[in-house]
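Just so you know, these numbers use all the heavy atoms, side chains as well, and skip hydrogens, waters and symmetry mates.
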Amino acid sequence: MLQIHFIRENKEEVITRLAKKNFDATAVVELVVELDEKRRNTQVELDNLLAESNKLSKDIGEMMKNGEKAKAEILKEKTTQIRENSKQLNESLQAITNQLQDELYKLPNLPAEIVPFGKTPEENINVFEEGDIPKLHEGALPHWELAKKYDIIDFELGVKITGAGFPVYKGKGAKLQRALISYFLDKNTDAGYKEYQVPHLVNEASAYGTGQLPDKDGQMYHDATDNLYLIPTAEVPVTNIFRDDLVSENDLPILCTGYTPCFRREAGSYGAHVRGLNRLHQFDKVEIVRIEKPENSYAALDGMVEHVKEILQELKLPYRILRLCGGDMSFASALTYDFEVFSTAQDRWLEISSVSNFETFQANRLKLRYKDANGKNQLAHTLNGSSLALPRVLAGILENYQTPEGIVIPEVLRRYTGFDSIN
């Protein structure tokens, strides 16, 4: 959530910068500024009434002490009216504050200055590319056919049990999945990230805290009975560990990692590009989250990018890094780098990670602050990244490591799998 004082003092800048995200903020910003002024004026009026009430109470006490009961009774009638007026003002203030909050929730985060203009993924900027695209043997298969051939992932069984987008991993496929999770977590903890196991359902406050609500309301699975949401990413519960916290400056940076299944409705996703593991309703992901001082957050973002690069280098998968244009960025992000692996059998790039800096956007919603060297409370910066999302990594391994004899397991994973091939 953008800070109200920044919107008030930089109205045109907010509108201009949000236009980079293809978001017309004019009407919302105008209403926010109007409501904020109304809220502040109502607060002043209420404060003046309360001050008058306090003075009258003091005067009544003096009069009663001096035996001026008649005068005191007159003032008591006045305080009764003031209390009634205060009650009405308080209700009005609460209504204005709630409306203001609702409008603020509609505004996306401001993109960083280096975010390029653009409306579509084709306008993202390729900032780094590494790894040789393997030349596959004649008759090489896409991963969904390999999964069937070697009986390691059963998409039809998932449809039987639940529906499309809920695959069942079997035998060596399940073990490879578990190996990837363990490998990712070990890489993250070795880099200083503290591991957490978190709930897979969150309450409404948590979903608002990281910016999933109200923006992604229709994309989240919702249990209406208990008003809980299945998480779309571990970012939500992990970051909310620190909601309403005031941390010491000495505690920063805070580095967290966690594995969770993730659940996304992915409404409106159809076509050949969503086949197999390309787009699922339930998938596994290992996440990294950082809480940083503002002056260190972009160096931390670069460090997270390097960390994910190292994992892909060890997996020996061809990959590239894109700096997302404004139109392809998430609602809450200030700057995002996407990682994509090349699927040789599909002849296309598959997104496997987003690494983002949210600056103070989430922290403002979460009321996540730290006390600086001067003893002042400051909003922290939050960052997160996939490290990594499993389905498309697995797809890339199956397709790029296939041979006529079977699928070779990347060397770095063999101590986790206990086998070096699927055949």
Are a donor atom and an acceptor atom from the side chains of Thr233 and Lys285 found within less than 3.5 Å of each other?
yes
I'd like to know whether CD of Gln88 has more than 12 heavy-atom contacts from other residues, nucleotides or ligands below 6.0 angstrom.
yes
Steps toward side-chain contact (heavy atoms from CB on, under 4.5 Å) verdict (Lys172, Ile422):
CA-CA 7 Å; Lys172 286 187 174 181; Ile422 297 172; 4.0 Å; yes
Would you say that Ile407 contacts Ser421 through its side chain, given a criterion of any heavy-atom pair below 4.5 Å between the two side chains?
no
Looking only at non-hydrogen atoms, find the nearest pair between Gly385 and Met304 and report the distance.
N-CE, 3.7 Å
Could you check whether any side-chain N or O of Arg323 sits under 3.5 Å from a backbone N or O of Val115, counting only pairs where one atom can act as donor and the other as acceptor?
no
Keeping Asp226 on the side-chain end and Leu228 on the backbone end, is there a donor-acceptor pair under 3.5 Å?
no
Angle class for the Phe263/Tyr221 ring planes (parallel below 30°, perpendicular above 60°, tilted otherwise)?
perpendicular
So, does Asn10 use its side chain to make a donor-acceptor pair with the main chain of Glu13 at under 3.5 Å?
no
Distance-only donor-acceptor check, side chains Arg243 and Asn240, under 3.5 Å:
yes
Looking only at side-chain N and O atoms, does Thr344 offer a donor or acceptor that is under 3.5 Å from a partner on Glu399?
no
Kindly say whether Lys119 contributes a backbone atom to a donor-acceptor pair with the side chain of Glu123 at under 3.5 angstrom?
yes
Minimum heavy-atom distance Arg365-Gly211, with the two atoms named:
NH1-CA, 3.4 Å
Is there a side-chain contact between Tyr183 and Val412, using heavy atoms and a 4.5 Å cut-off?
yes
Counting heavy atoms not belonging to Glu249, are there more than 12 under 6.0 Å from its CD?
yes
Restricting to non-hydrogen atoms, name the atom on Val236 and the atom on Pro232 that form the minimum distance, rounded to 0.1 Å.
CG2-CD, 4.0 Å
In this structure, CG of Asp420 is separated from CD1 of Ile409 (nearest 0.5 Å) by 8.0 Å
Would a 4.5 Å heavy-atom cut-off, applied to side chains only, mark Glu287 and Thr257 as touching?
no
Under 4.5 Å between any side-chain heavy atoms of Thr403 and Val408, yes or no?
yes
Scan side-chain atoms only and decide if Asp215 and Gln212 contain a donor-acceptor pair under the 3.5 Å cut-off.
no
I want to check a possible cation-pi pair here: Lys309 against Phe128, using under 6.0 Å from ring centre and within 45° of the ring axis as the test.
yes
How about Arg264 and Phe283: do any of their side-chain heavy atoms sit closer than 4.5 Å?
yes
Under the 3.5 angstrom rule, does the side chain of His281 hit a backbone N or O of Arg265 as a donor-acceptor pair?
yes
When you look at Asp36 and Arg8, which way does the salt bridge (Lys or Arg N to Asp or Glu O under 4.0 Å) test go after all the steps?
CA-CA 8 Å; Asp36 178 53; Arg8 187 170 61 241; 2.5 Å; yes
Give a yes-or-no answer on whether the side chains of Glu195 and Asn188 include a donor-acceptor pair shorter than 3.5 Å.
no
Pair Glu30 + Lys11: basic N to acidic O under 4.0 Å:
yes
Looking only at side chains, do Tyr105 and Gln101 share a donor and an acceptor under 3.5 Å apart?
yes
When Leu104, Asp102, Asn98, Thr97 are each screened for side-chain contact (heavy atoms from CB on, under 4.5 Å) with Leu100, the one that passes is Leu104
Would you say the side-chain atoms of Glu359 and Asn109 include a donor-acceptor pair closer than 3.5 Å?
no
Exercise: do Asn90 and Gln94 side chains pair donor with acceptor under 3.5 Å
no
Shortest non-hydrogen contact from Pro237 toward Val198
CG-CG2, 3.6 Å
Side chains of Glu340 and Tyr319: any donor to acceptor distance under 3.5 Å?
no
Ignoring hydrogens and geometry beyond distance, is a side-chain donor-acceptor pair present between Tyr259 and Gln197 at under 3.5 Å?
no
Using a 4.5 Å cut-off on heavy atoms from C-beta on, say whether the side chain of Val308 contacts that of Tyr337.
no
Strictly below 4.0 Å, N to O, side chains only: are Asp245 and Arg369 in salt-bridge contact?
no
Report yes if the side chains of Ile181 and Leu390 come closer than 4.5 Å at any heavy-atom pair, otherwise no.
yes
Ignoring hydrogens, what is the shortest heavy-atom contact between Arg17 and Ala112? Give both atom names and the distance.
NH2-CA, 4.3 Å
Donor-acceptor check, side chain of Ser248 to backbone of Asn250, threshold 3.5 angstrom: yes or no?
yes
Is there a donor-acceptor contact under 3.5 Å from the side chain of Ser330 to the main chain of Ser333?
yes
Check the pair Glu103 / Lys106 against salt bridge (Lys or Arg N to Asp or Glu O under 4.0 Å), numbers first and verdict last.
CA-CA 5 Å; Glu103 293 302 318; Lys106 295 176 183 177; 3.0 Å; yes
Classify the side-chain pair Glu52/Asn48 by whether it contains a donor and acceptor separated by less than 3.5 Å.
no
Quick check against the 3.5 Å criterion: does Asp24 have a side-chain atom that pairs as donor or acceptor with the backbone of Thr26?
yes
Would you check, one step at a time, whether the test salt bridge (Lys or Arg N to Asp or Glu O under 4.0 Å) holds for Lys187 with Glu314?
CA-CA 11 Å; Lys187 285 293 293 183; Glu314 290 187 358; 3.0 Å; yes
Run the numbers on Thr189 and Lys194 for side-chain contact (heavy atoms from CB on, under 4.5 Å), then give the verdict.
CA-CA 6 Å; Thr189 54; Lys194 183 177 181 178; over 6 Å; no
Under 3.5 Å, is there a donor on one side chain and an acceptor on the other for Asn41 and Glu45?
no
Heavy-atom count check: over 12 atoms from other residues, nucleotides or ligands less than 6.0 Å from Lys316 NZ?
no
Would you call the rings of Phe342 and Trp349 parallel, tilted or perpendicular, taking 30° and 60° as the class edges?
perpendicular
Using atom types as modelled and distance alone, determine if a side-chain donor or acceptor of Asp372 lies under 3.5 Å from a backbone N or O of Lys376.
yes
Do Lys371 and Asn377 have a side chain donor and acceptor closer than 3.5 Å?
yes
Counting only heavy atoms from other residues, nucleotides and ligands, does the tally under 6.0 Å from CG of Asp132 exceed 12?
no
For Thr417 and Phe419, indicate whether the former's side chain and the latter's backbone hold a donor-acceptor pair under 3.5 Å.
yes
Kindly give the heavy-atom pair with the smallest separation between Gln402 and Leu141, and that separation in Å.
NE2-O, 2.8 Å
Full working for side-chain contact (heavy atoms from CB on, under 4.5 Å) between Ile288 and Leu255
CA-CA 7 Å; Ile288 49 177; Leu255 285 68; over 6 Å; no
Is it the case that the side chains of His222 and Asp217 hold a donor-acceptor pair, with the cut-off being a distance below 3.5 Å and no angle test?
no
Might you work through the side-chain contact (heavy atoms from CB on, under 4.5 Å) test for Leu383 and Val289, ending with a clear yes or no?
CA-CA 6 Å; Leu383 305 92; Val289 170; over 6 Å; no
Quiz question: by atom type and distance under 3.5 Å, do the side chains of Gln3 and Asn364 form a donor-acceptor pair?
no
Does the side chain of Leu277 come within less than 4.5 Å of Trp144's, by heavy atoms?
no
